[in-house]
Colleague: 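Let me begin by handing over the structure; questions about it come next.
Chain letters run A, B, ... following the sequence lines, proteins first, then strands; residues in each count from 1.
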There are 2 protein chains.
Amino acid sequence: MKPTIKDVAKRANVSIATVSRILNHTSVGYSAKTEKLVKGAVEELGYRPNAVARGLINNKTQTIGVLFPDVSGMLTSELLYGVEEVAHRLGHSVIFCNTSSSGKKTLDYLQLLSEKRVEGVIFGSSLLTEEYYNAITAMNVPTVLVSTKSQKHSLPYVKVDDKDAAYAATAYLIQKGHRRIAMLSGSPDDSVAGQPRIDGYKQALLDHGLNGEGSFVFTADGFSYEDGRALFTQLYDAGRDITAVFAASDEMAVGALSTAYQMNIRIPDELSIIGYDNLKISEMAIPPLTTVEQPLRDMGKKAAELLFEGMETGMLGKSIIMPHRIIERQSVKQLV
Amino acid sequence: MKPTIKDVAKRANVSIATVSRILNHTSVGYSAKTEKLVKGAVEELGYRPNAVARGLINNKTQTIGVLFPDVSGMLTSELLYGVEEVAHRLGHSVIFCNTSSSGKKTLDYLQLLSEKRVEGVIFGSSLLTEEYYNAITAMNVPTVLVSTKSQKHSLPYVKVDDKDAAYAATAYLIQKGHRRIAMLSGSPDDSVAGQPRIDGYKQALLDHGLNGEGSFVFTADGFSYEDGRALFTQLYDAGRDITAVFAASDEMAVGALSTAYQMNIRIPDELSIIGYDNLKISEMAIPPLTTVEQPLRDMGKKAAELLFEGMETGMLGKSIIMPHRIIERQSVKQLV
DNA sequence: TTGAAAGCGATACCAT
DNA sequence: ATGGTATCGCTTTCAA
């Protein structure tokens, strides 16, 4: 078995209380001599304090839980990396929970995290149902949302303003001379990443006097590559006379790109496409995809910082709207 | 504060021992009446057993640690998802550790995991240095490697046979009629994903009597998109008369694809490309990338299964070589 | 400066 | 069927 504080005490011929004091550099009360003695014993035994026992007495586990659906691995892994970075910097570990977008698994995990006495949780990138919310409040632990938000409940969130970002993407297209612009969207039932982006798109059209001329939105259940392909096909089957499309995710945009390629539609010469997210794939696409960036890693970091602040002060701060911006690459053509 | 077993006992007018028995459905000794009583108290109080206290007495934390460098987020996140899936199925949580390919951070994490008393660790996708190995053995906890291996040490690993897989990729190209084949490789100093793949490539050439004709390997430090771009540029600057290239990773292959596109080289008409990994991006590429698949998610699952088996039996099983296979898409042309 | 002892929240053995 | 209690490894008064 692993050596315990007792073993160290025995070996150094002191009490466990002394060992504890020295290991926690607390209460200046001990001689340099005993310190050396104890440190030596620790070294020889390869002693590592048991964080479980510590956690029990301090009621602090130095652990947070992070829940993500694995929808787009690329999107959530960026968020995760951001969270992990600051958690580690602050001496905490993160328990990674992949909810697989399953209600049962999410609830399971929430319960587990509660039992494990995590000190905070980050819930990301998926809708917060009433059930989840109840489970979370039952845990009685600071919680912050990232890349999602809740209408009804007042959990702080860190996200981009989806409507604004979609507006910006659409306005960018308009500014480039496009008038007939279609949108490839997720579900309008998705009140976080669905409808708001549609709203932003329509608003931009409206504000530029384009409402009558062309508002074509095609919706899918999700935001995947396959959804992008399917929607793009629909768009062409519908015979819309379009010069640009705004895709609600980079994956969808790439799906559109691929489908266009197979249809021999040249991007951006015959059709312009703008994406959303700025995932790594967007710069790897052919042509490199113009897109609106969500600073995902930063969002993960901010969410974690907000959480830790809340854990310390006992009071969660305000939600944070992260800035989005257009990343200009080569999938959008300037119309004369 | 959260209710403890004492609170439940008090509320139900029984001893904590009884509560414990009932909550663990152990030792059939208790009446249905008290059971109902206790369950009721649990419900009313919203009691959740404290896993920390449990962990202390059982010396079992039901958690494992997973260490990955974040090099290629897409690759490691697949592995992670695989690991998480079986860990969750078996009632364990996973502490996610992103080493950022930093020695210090890796060692830090190993220490932390040791203190947190994780019951096992999975170390993935990066070289196992002597230092890491020592830290791991000091933890005295079952460990399995995934997508990497150690020459010197006998830790079990789960991976594809890199040489075989590279051989297969190259042989596939040859079978398609190619004779002058270049390779875009990671570092030859990388004894896991570097040299073995080069060896496989060369061996395939040799076995098909192509050694003199054309063996052109270009090496970079890593396996990134940017590395792929740089290497592809080098390849063309070198003026090699080539008909196909084998890239040691999908990211590199996509880098090559993009660069070729910019150079107006048509893939696969003028040049064939085969990748390695079968990441999601390979099917999203234009044209869809033919590649050799590593079953990443399965590798994560297998590694976890191997680990849990080892944790139960106290004896780690044998390493597992996972099957690779060629995924035929559209980046390789049949030469007449 | 140091040690003894009381907990932290559970489990499990020994009684009853 | 149920309760009392020692114990897990550590931190933290309280005394000495």
Colleague: Within the structure, does a side-chain N or O atom of B/Thr18 lie under 4.0 Å from either OP1 or OP2 of D/dG3?
Modeller: yes
Colleague: Answer yes when A/Lys60 and A/Glu119 have at least one side-chain N-carboxylate O distance shorter than 4.0 Å, and no when they do not.
Modeller: no
Colleague: Just so I know, are the side chains of A/Leu296 and A/Leu75 near enough to count as touching, which here means a heavy-atom distance under 4.5 Å?
Modeller: yes
Colleague: Is there a residue in residues 42-55 of chain B whose heavy atoms reach under 4.0 Å of DNA chain D, and which residues are they?
Modeller: none
Colleague: Classify the side-chain pair A/Thr148/A/Lys159 by whether it contains a donor and acceptor separated by less than 3.5 Å.
Modeller: no
Colleague: Within the distance-only criterion (no hydrogens, no angle test), does the side chain of A/Thr313 pair as donor or acceptor with the backbone N or O of A/Met311 below 3.5 angstrom?
Modeller: no
Colleague: Give a yes/no answer on whether the side chain of B/Asn58 brings an N or O atom under 4.0 Å of OP1 or OP2 in D/dC8.
Modeller: no
Colleague: Nearest to the A/Arg21 side chain among D/dG9, C/dG3, C/dA10, which nucleotide is it?
Modeller: C/dG3
Colleague: Below 4.0 angstrom, N of the basic side chain to O of the carboxylate: do B/Lys39 and B/Glu35 qualify?
Modeller: yes
Colleague: Please check if the number of heavy atoms outside A/Lys302 that lie under 6.0 Å from its NZ is greater than 12.
Modeller: no
Colleague: Should A/Val14 and A/Val19 count as side-chain neighbours, where that means a heavy-atom distance under 4.5 Å?
Modeller: yes
Colleague: Starting at atom CG of A/Leu56, determine the distance to atom P of D/dT7, rounded to an integer number of angstrom.
Modeller: 17 Å
Colleague: Choose from D/dC10, D/dC14, C/dT11 the nucleotide whose nearest atom is closest to any side-chain atom of B/Ile16.
Modeller: C/dT11
Colleague: Need to verify one output field. Residue with the more 5' nearest nucleotide on DNA chain C, A/Val14 or A/Asn59?
Modeller: A/Val14
Colleague: Tell me: CD1 of A/Ile5 to P of C/dG7, nearest whole Å?
Modeller: 19 Å
Colleague: Give a yes/no answer on whether the side chain of B/Ser20 brings an N or O atom under 4.0 Å of OP1 or OP2 in C/dA10.
Modeller: no
Colleague: May I have the distance from A/Glu115 (atom CD) to C/dA10 (atom C1'), rounded to whole angstrom?
Modeller: 12 Å
Colleague: Rounded to the Å, how far apart are B/Asn13 CG and D/dG3 P?
Modeller: 9 Å
Colleague: Counting only side-chain heavy atoms from C-beta out, which of D/dG9, D/dT13, C/dA10 sits nearest to A/Ile57?
Modeller: D/dG9
Colleague: Does the side chain of B/Thr34 get closer than 4.0 angstrom to OP1 or OP2 of D/dT2 through an N or O atom?
Modeller: yes
Colleague: Whether B/Ser31 contacts D/dT2 is assessed here as follows: a side-chain N or O lying under 4.0 Å from the phosphate OP1 or OP2. Is that the case?
Modeller: yes
Colleague: In whole Å, what is the span from the CG atom of A/Leu23 to the C1' atom of C/dT2?
Modeller: 16 Å
Colleague: Check this for me, if you would: do B/Lys149 and B/Asp162 make a salt bridge, where the nitrogen-to-carboxylate-oxygen distance has to be below 4.0 angstrom?
Modeller: no
Colleague: Please give, in whole Å, the distance from D/dT2 P to B/Asn24 CG?
Modeller: 16 Å
Colleague: For the helix from C/dT1-D/dA16 to C/dT16-D/dA1, what is the angle between the axes at its two ends, each from 5 pairs, rounded to 10°?
Modeller: 40°
Colleague: Report yes if a side-chain nitrogen or oxygen of A/Ser15 is closer than 4.0 Å to either non-bridging phosphate oxygen (OP1 or OP2) of C/dT2; otherwise report no.
Modeller: no
Colleague: Could you state the interatomic distance from OG (B/Ser114) to OH (B/Tyr109), rounded to the nearest 0.5 Å?
Modeller: 15.0 Å
Colleague: Which is true for A/Val19 with a 4.0 Å heavy-atom rule: it touches a base, it touches only sugar-phosphate, or it touches nothing?
Modeller: nothing
Colleague: Within the structure, does a side-chain N or O atom of B/Lys6 lie under 4.0 Å from either OP1 or OP2 of C/dC8?
Modeller: yes
Colleague: When the distance from NZ of A/Lys60 to C1' of D/dT12 is rounded to whole Å, what number comes out?
Modeller: 15 Å
Colleague: Distance check needed: D/dT11 P versus A/Ile22 CD1, whole Å only.
Modeller: 12 Å
Colleague: Can you check whether B/Leu128 reaches B/Phe123 side chain to side chain, under 4.5 Å on heavy atoms?
Modeller: yes
